[in-house]
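One-based numbering, in listed order, for ligands and for the atoms of each.
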Amino acid sequence: MANARPERAEGPAVRQDEPAPDSPVETLEGVGPERARRLAACGIRSLRDLAEHLPLRYEDWSSRTSFAELTDGATAVVEGKLAGFKEQASRFGPRRKIAGAWLVDEDRAALRLVWFNLRPYMRLRFAEGTRVVARGRVQRDRTGRLEMVHPELRAADNGGPGRWRAVYRLAAGIGQNLHSKLVGAALAALGDRLEGALPQELRRRAGLPPFAQALGELHFPPLAADCRTLELGRTPAHQAIALDEMFAFQVALGLDRLKAARRRALPVAAPGRLSAEFLARLPFNLTAAQHRVIADIAADLGREQRMNRMLVGDVGSGKTVVALWAALRAVESGLQAVVMTPSELLAEQHYGLFRRLCDPRAVPGALLSAAVNDGTRRRVLAGLRDGTLKLVFGTQALIQQQVRMRNLGLAVIDEQHRFGVFDRARLATLGPGAHVLLLTATPIPRSLALVLFANVDVSFLDEMPAGRCAVTTEVVAEQALERVHELVRDQLAAGAKAYYVLPRIEAEREDEAPRAAAQFAAQLRAGPLQRFPVELLHGRMRAAEKEGAMRRFRDGAARVLVATTVVEVGIDVPEATVMVVLGAERYGLAQLHQLRGRVGRSTRRSFCFLVFSPECDPQALKRLAVLVCHAAGREVAEADLTLRGPGDLLGARQSGVMPLRFARFIARTEQIAQARAWAEQWLARDPELSAAQSRGLRQAVQRMLGRGFSLSDVG
Ligand code: ADP
Ligand code: MG
């Protein structure tokens, strides 16, 4: 590989002899407390952070355009001698100055360079007569002559600037040049001490470059690099760091799994009367998939080791029934169970189902909600503490903050994708011997689920209850919205309910108004749906307001819910038959599928309209078409994976909470499987990560666990 040294050796020196990767950025000459604070606001605290903060894009400074070939509107790189530097007052007032200079080429042709706000350093750094390379946008001045606006200048001596110039997301007050110098200094200071997670042996066998070298190439790409490959994140260096990180992640998951396997559970007795009666009393037959999953859970509960199972099932596939069954298995063994949900409404919904299906005398249960009065709350908490209450439903927050249980046997976490996977440790405070059952509707291809959730056992609930009809899905242009309103009116008149989902809450610019929930709701009330009560729901409302709006919609006081994607989670309003998503091209397929899952929850025919905006590109339309063709979450997820590739899918999943920074560069699903296989091999050899070769790995895993994360929502 070509050398990856920073192109200029000068620049900030280092104050310390052998700084470590986690040394603070202040170790670098030129970084004091103020700059350190600014960098920290950008997530950069250590030298490693600086090295791992990758460029947003790259500029190619290698080509040269002759003055005669310049065209209006293009960005170009030109070379020449600086002449005639001049500051002058701007037309916009005496305090604003503009600066101008001339660039003179070999043929004595001249190009005017203009800066509309003064850049004093320009004059300081480059004296007149200096040969420079300038890069900037070319446009016509008022007289029609071409000039270059706000060009960036670099010295043309010593062979000129290197070919590549990385462009970063910057901390306030730190320019591209300074940032790049800091990165160069950090890389130079750390050298090989900037270790990745892959042990040398594995790395060599896979033919991957050392971690520090790969990062170096991403900041200062080799001359021969290809711009498109760089910007797509497909260079060997990108692949190397993504694999390195995925390997660390797989090891973290593997360690978590090993740790969990050593945890003992409270013994759960053989199936008894309560759980059997519950199944017998269900008003429907279980699907084959539900039977299969119940058998998985039954086997887990029969072991001494704690269950750690995740149930992956499409929206509406009937996860709740399975979870209630598992809870009853704990209760009939004399243990307690909790069912935790991300919202109060969901807790109420589950509790309602439980009350319909179970005899409260046989199973003393309670709903712990923020709304219950103090007396009730005290009674519930006391009952849970002394063990007379067996089953409690509530939000994660409420339960974790307040509840002490006498003998918790099972914790169910619904919609777990809103909750951290490594966070399960916190459950231990509720009951050290509890089995854990996680439920998620995140549509994710099996191949990915098995590696991303490698720290738990996974069961797939991949069959819908009989009698559901597929939701009729249509892709519609925004201009044709009136036709959609018409169908909504018909459905509402027939007693149904409808959702409209929009990408933003309020419009700040006029062109955003058609896709902003607040404006849209007002518009519906004024016109197309004026005969029907319309409710607004969005993420900026307080929790109680949100629940109020949702409740009015569920109970029928409102018939139309205009919302941002906050409606996505778990709510079951069977009378809803229409889902209209505006600006649909902005959402991931998985998320759209989740939204669509809000309807089609009864035997009534249901509709989903994916409304695209005028600026939607053909590629996005093609993605939307996947939903028209595929009804099952699994199929949608597979199609999404094929269309976007694993990197995009994982990148969207991160939304700031996954511990993966480089997963978006993963090009093929097999790379994830490869990382998994390496992790298993290595853990079998060095389960304590105590070997010398495991040092980088150990630190990477610690950083990952330290950051804490949840496998968040699919975007
Ligand atoms: P999810 O998996 O999205 O959490 P729910 O558990 O809320 O789905 O189930 C959706 C609806 O389907 C509920 O009204 C539930 O009672 C019903 N249901 C569950 N299992 C079956 C089944 N085997 N046959 C028919 N309806 C079922
Ligand atoms: Mg559910």
Side-chain angles (χ1 to χ4, degrees), residues 275 278-297 309-328 338-358 393-396 411-419 437-444 449 458-471 497 499 550 554 566-577 579 590-604 606 608 631-634 636-637 713-714:
S275 57
F278 171 79
L279 293 183
R281 209 175 308 154
L282 287 177
F284 42 71
N285 293 321
L286 290 181
T287 63
Q290 282 170 320
H291 276 298
R292 212 171 43 239
V293 171
I294 280 181
D296 287 347
I297 297 173
R309 186 167 289 278
M310 164 128 69
L311 184 46
V312 180
D314 216 344
V315 268
S317 60
K319 296 184 288 294
T320 320
V321 172
V322 173
L324 283 180
W325 173 84
L328 291 177
V338 294
V339 177
M340 298 197 251
T341 57
S343 76
E344 298 236 325
L345 222 61
L346 267 185
E348 267 176 42
Q349 189 175 296
H350 291 349
Y351 181 67
L353 184 67
F354 159 72
R355 292 297 299 267
R356 283 201 299 283
L357 295 173
C358 292
F393 297 81
T395 64
Q396 280 130 16
V412 176
I413 303 172
D414 193 15
E415 304 294 348
Q416 89 81 31
H417 57 289
R418 305 251 148 169
F419 199 62
L437 180 62
L438 309 161
L439 313 182
T440 184
T442 304
I444 177 169
V458 185
S459 293
F460 295 92
L461 203 52
D462 50 4
E463 182 187 355
M464 289 304 239
R468 299 270 171 81
C469 39
V471 178
K497 296 175 186 167
Y499 297 96
M550 201 58 227
R554 181 192 63 187
V566 290
V567 285
E568 196 190 334
V569 168
I571 277 300
D572 194 23
V573 182
E575 311 85 67
T577 59
M579 166 62 71
Q591 199 177 8
L592 288 171
H593 179 72
Q594 300 256 52
L595 288 170
R596 174 169 67 177
R598 302 292 116 232
V599 298
R601 300 187 146 241
S602 65
T603 48
R604 282 196 192 163
S606 293
C608 175
R634 189 163 40 92
V636 171
D713 204 6
V714 180

*With sequence neighbours left out, write down each residue that passes side-chain contact (heavy atoms from CB on, under 4.5 Å) with Thr287, or none if nothing qualifies.*
Ala289, Gln290, Glu463, Pro465
*Using 30° and 60° as the class limits, which term best fits the ring planes of Tyr351 and Phe393: parallel, tilted or perpendicular?*
perpendicular
*Side chain, backbone, both or neither: which part of Leu461 comes within less than 4.0 Å of ligand 1 when only heavy atoms are counted?*
neither
_Test of understanding: with side chain to side chain donor-acceptor pair (under 3.5 Å), list the residues that count as partners of Arg604, not counting sequence neighbours._
none
*Counting only heavy atoms not in Arg355, do more than 12 sit closer than 6.0 Å to its CZ atom?*
no
*asked:* Working note: Val312 + Leu461, criterion side chain to side chain contact (heavy atoms under 4.5 Å, CB included); need CA distance, chi angles, decisive distance, verdict.
replied: CA-CA 6 Å; Val312 180; Leu461 203 52; over 6 Å; no
*Should Ser317 be listed as contacting ligand 1, given a heavy-atom distance under 4.0 Å as the test?*
yes
*Can you find a non-hydrogen atom of Gly316 under 4.0 Å from ligand 1?*
yes
*Which ligand 1 atoms are under 4.0 Å away from a heavy-atom of Leu286?*
23 (N)
*At a 4.0 Å threshold, what atoms of ligand 1 neighbour a non-hydrogen atom of Asn285?*
22 (C), 23 (N), 24 (N)
*Atoms of ligand 1 less than 4.0 Å from Thr287 heavy atoms?*
23 (N)
*Judged by atom type as modelled, is there a donor-acceptor pair below 3.5 Å linking the side chain of Lys319 to the main-chain atoms of Asp414?*
no
*Do Asp462 and Arg292 pass the salt bridge (Lys or Arg N to Asp or Glu O under 4.0 Å) test, and can you show the C-alpha distance, the side-chain angles, and the key distance before you say yes or no?*
CA-CA 10 Å; Asp462 50 4; Arg292 212 171 43 239; 3.0 Å; yes
_Which segment of Asp414 sits under 4.0 Å of ligand 1 when only heavy atoms are counted_ = neither
*Judging by distance only, is a nitrogen or oxygen of Lys319 under 3.5 angstrom from one on ligand 1?*
yes
*Does at least one non-hydrogen atom of Val322 fall below 4.0 angstrom from an atom of ligand 1?*
no
_Check: Lys497 side chain, Arg554 main-chain N or O, donor-acceptor pair, under 3.5 Å_ = yes
*Val315 heavy atoms, cut-off 4.0 Å: which ligand 1 atoms fall inside?*
3 (O)
*Taking distance alone, with no angle check, do Pro465 and ligand 1 share an N/O pair under 3.5 Å?*
no
*Side chain, backbone, both or neither: which part of Thr320 comes within less than 4.0 Å of ligand 1 when only heavy atoms are counted?*
both
